[in-house]
**Student:** 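Take this structure first; my questions come after.
Positions are given from 1 along the sequence.
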Amino acid sequence: MEPLEQILKELTAFESHLSRRKFIQAASMLIVVPGISLDKDDTRFLQKVAATLIPADALTSTGINVAENVDRLLASGSADHRQRVIRFITWSQRASVLYGGDKVAINARGSRFMLIRKMARTLSSLCVIAFWADERALKLIDRPEVTR
């Protein structure tokens, strides 16, 4: 399964759960109108979330920008898929206020709400796949083990 297909599969599960539970009615403050591309806030949010999931030395040694890679991955998808992912990121950013801000992908895993757990898993998958989809991440694999 390709990385984009895996993310889209998780987004579909997230959206179907969202529509089944009518969660938007209960959380009307989280309603999002999606844009066409990632804006500055979404880019910063993805970078901060990725920094909580991926070790800082891995990000600095490879020079990978997770938000740029998400945009690159979305460029190969359809406009509908791009819109769904952007809506998900914006929704996650708004919900992150309730779940620890930048650590939303980690903190929301223990939520009582299944929808929030799915959001955390999908957000984590998006960031990690965007990191490992970059060829520069291969430097981490080829690097010899450091003994301490």
Side-chain angles (χ1 to χ4, degrees), residues 1-20 23-24 30-111 113-148:
M1 183 178 286
E2 290 185 32
L4 185 59
E5 289 176 4
Q6 182 178 356
I7 292 169
L8 293 174
K9 181 179 174 185
E10 290 185 14
L11 279 173
T12 302
F14 176 79
E15 286 181 339
S16 67
H17 190 78
L18 182 66
S19 63
R20 271 196 318 263
F23 191 80
I24 291 180
L30 299 177
I31 293 177
V32 175
V33 177
I36 296 174
S37 64
L38 291 177
D39 62 7
K40 291 179 183 178
D41 290 337
D42 293 339
T43 302
R44 269 188 257 122
F45 175 70
L46 276 177
Q47 288 296 91
K48 290 178 181 179
V49 170
T52 64
L53 297 171
I54 302 167
D57 62 332
L59 285 171
T60 56
S61 67
T62 58
I64 294 174
N65 185 335
V66 173
E68 286 178 4
N69 286 351
V70 168
D71 253 348
R72 199 172 303 126
L73 284 171
L74 292 176
S76 64
S78 69
D80 179 51
H81 292 155
R82 184 175 182 86
Q83 183 180 21
R84 289 170 58 198
V85 171
I86 291 169
R87 182 175 54 226
F88 169 76
I89 292 169
T90 307
W91 191 89
S92 298
Q93 182 179 3
R94 301 244 172 102
S96 71
V97 172
L98 303 173
Y99 289 94
D102 304 337
K103 296 181 182 181
V104 65
I106 296 170
N107 294 342
R109 291 177 185 167
S111 175
F113 303 106
M114 183 60 70
L115 177 65
I116 300 299
R117 285 191 215 162
K118 286 183 178 191
M119 177 199 69
R121 187 178 67 227
T122 304
L123 189 58
S124 298
S125 297
L126 180 67
C127 290
V128 171
I129 288 171
F131 178 80
W132 285 106
D134 197 315
E135 290 182 9
R136 294 176 288 180
L138 294 175
K139 290 189 335 188
L140 297 173
I141 297 172
D142 296 337
R143 186 169 62 183
E145 284 292 317
V146 177
T147 56
R148 295 180 186 191

**Student:** Give me the atom names and distance for the closest heavy-atom approach of G101 to F45.
**Tutor:**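 So the minimum-distance heavy-atom pair works out to O-CE1, 4.3 Å.
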**Student:** Testing the basics here: between A130 and N69, what is the closest heavy-atom pair and its distance to 0.1 Å?
**Tutor:**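 For A130 versus N69, the nearest heavy atoms are O-ND2, 2.9 Å.
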**Student:** Got L46 and L123 here, is their nearest side-chain heavy-atom distance under 4.5 Å?
**Tutor:**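 SC-SC contact between L46 and L123 confirmed.
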**Student:** Do the non-hydrogen side-chain atoms of V66 and K48 ever get within less than 4.5 Å of each other?
**Tutor:**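 The answer is no; the side chains never approach within 4.5 Å.
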**Student:** If you measure from CZ on R84 to OG on S78, what distance do you get to the nearest 0.5 Å?
**Tutor:**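 The CZ atom of R84 sits 8.0 Å away from the OG atom of S78.
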**Student:** Rounded to the nearest 0.5 Å, what separation is found between the CD atom of E68 and the CG atom of D134?
**Tutor:**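 These two atoms lie 9.5 Å from each other.
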**Student:** Apply side-chain contact (heavy atoms from CB on, under 4.5 Å) to residues I116 and L98 and explain how you reach the verdict.
**Tutor:** CA-CA 10 Å; I116 300 299; L98 303 173; over 6 Å; no
**Student:** Can you measure from CG (D42) to CZ (R87) and round to the nearest 0.5 angstrom?
**Tutor:**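 Output value for this atom pair is 13.0 Å.
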**Student:** Which pair of non-hydrogen atoms, one from S61 and one from K139, has the smallest distance, and what is that distance?
**Tutor:**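 In terms of heavy atoms, the two residues are closest at O-NZ, 2.7 Å.
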**Student:** Please name the pair of heavy atoms, one in M119 and one in S92, separated by the smallest distance, quoted to 0.1 Å.
**Tutor:**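 It is CG-OG, 3.4 Å.
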**Student:** Using modelled atom types only, decide if a donor and an acceptor are shared between the side chain of K103 and the backbone of T52 within a distance under 3.5 Å.
**Tutor:**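 Not confirmed, K103 side chain does not pair with T52 backbone.
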**Student:** Got a second to check how far R109's CZ is from K118's NZ, nearest 0.5 Å?
**Tutor:**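 One finds 16.0 Å between CZ of R109 and NZ of K118.
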**Student:** For A67, is there any backbone N or O sitting under 3.5 Å from a side-chain donor or acceptor partner on Q47?
**Tutor:**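 Checking the backbone N and O of A67 against the side chain of Q47, a donor-acceptor pair under 3.5 Å is found.
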**Student:** For residues V49 and A105, report the shortest heavy-atom separation together with the two atoms involved.
**Tutor:**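 Result for this residue pair: CG1-CB, 4.0 Å.
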**Student:** State the CG-CZ distance between L59 and R136, to the nearest 0.5 angstrom.
**Tutor:**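 Going from the CG atom of L59 to the CZ atom of R136 covers 10.5 Å.
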**Student:** Does the side-chain contact (heavy atoms from CB on, under 4.5 Å) test come out yes or no for R82 and D71, once each step is laid out?
**Tutor:** CA-CA 9 Å; R82 184 175 182 86; D71 253 348; 2.9 Å; yes
**Student:** Enter the distance from I54:CD1 to L140:CG here, rounded to the nearest 0.5 Å.
**Tutor:**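 Atom-to-atom, I54:CD1 and L140:CG are 9.5 Å apart.
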**Student:** Could you report the tightest heavy-atom contact between A50 and C127, atom names first, then the distance?
**Tutor:**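 A50 and C127 have their closest heavy atoms at N-SG, 4.1 Å.
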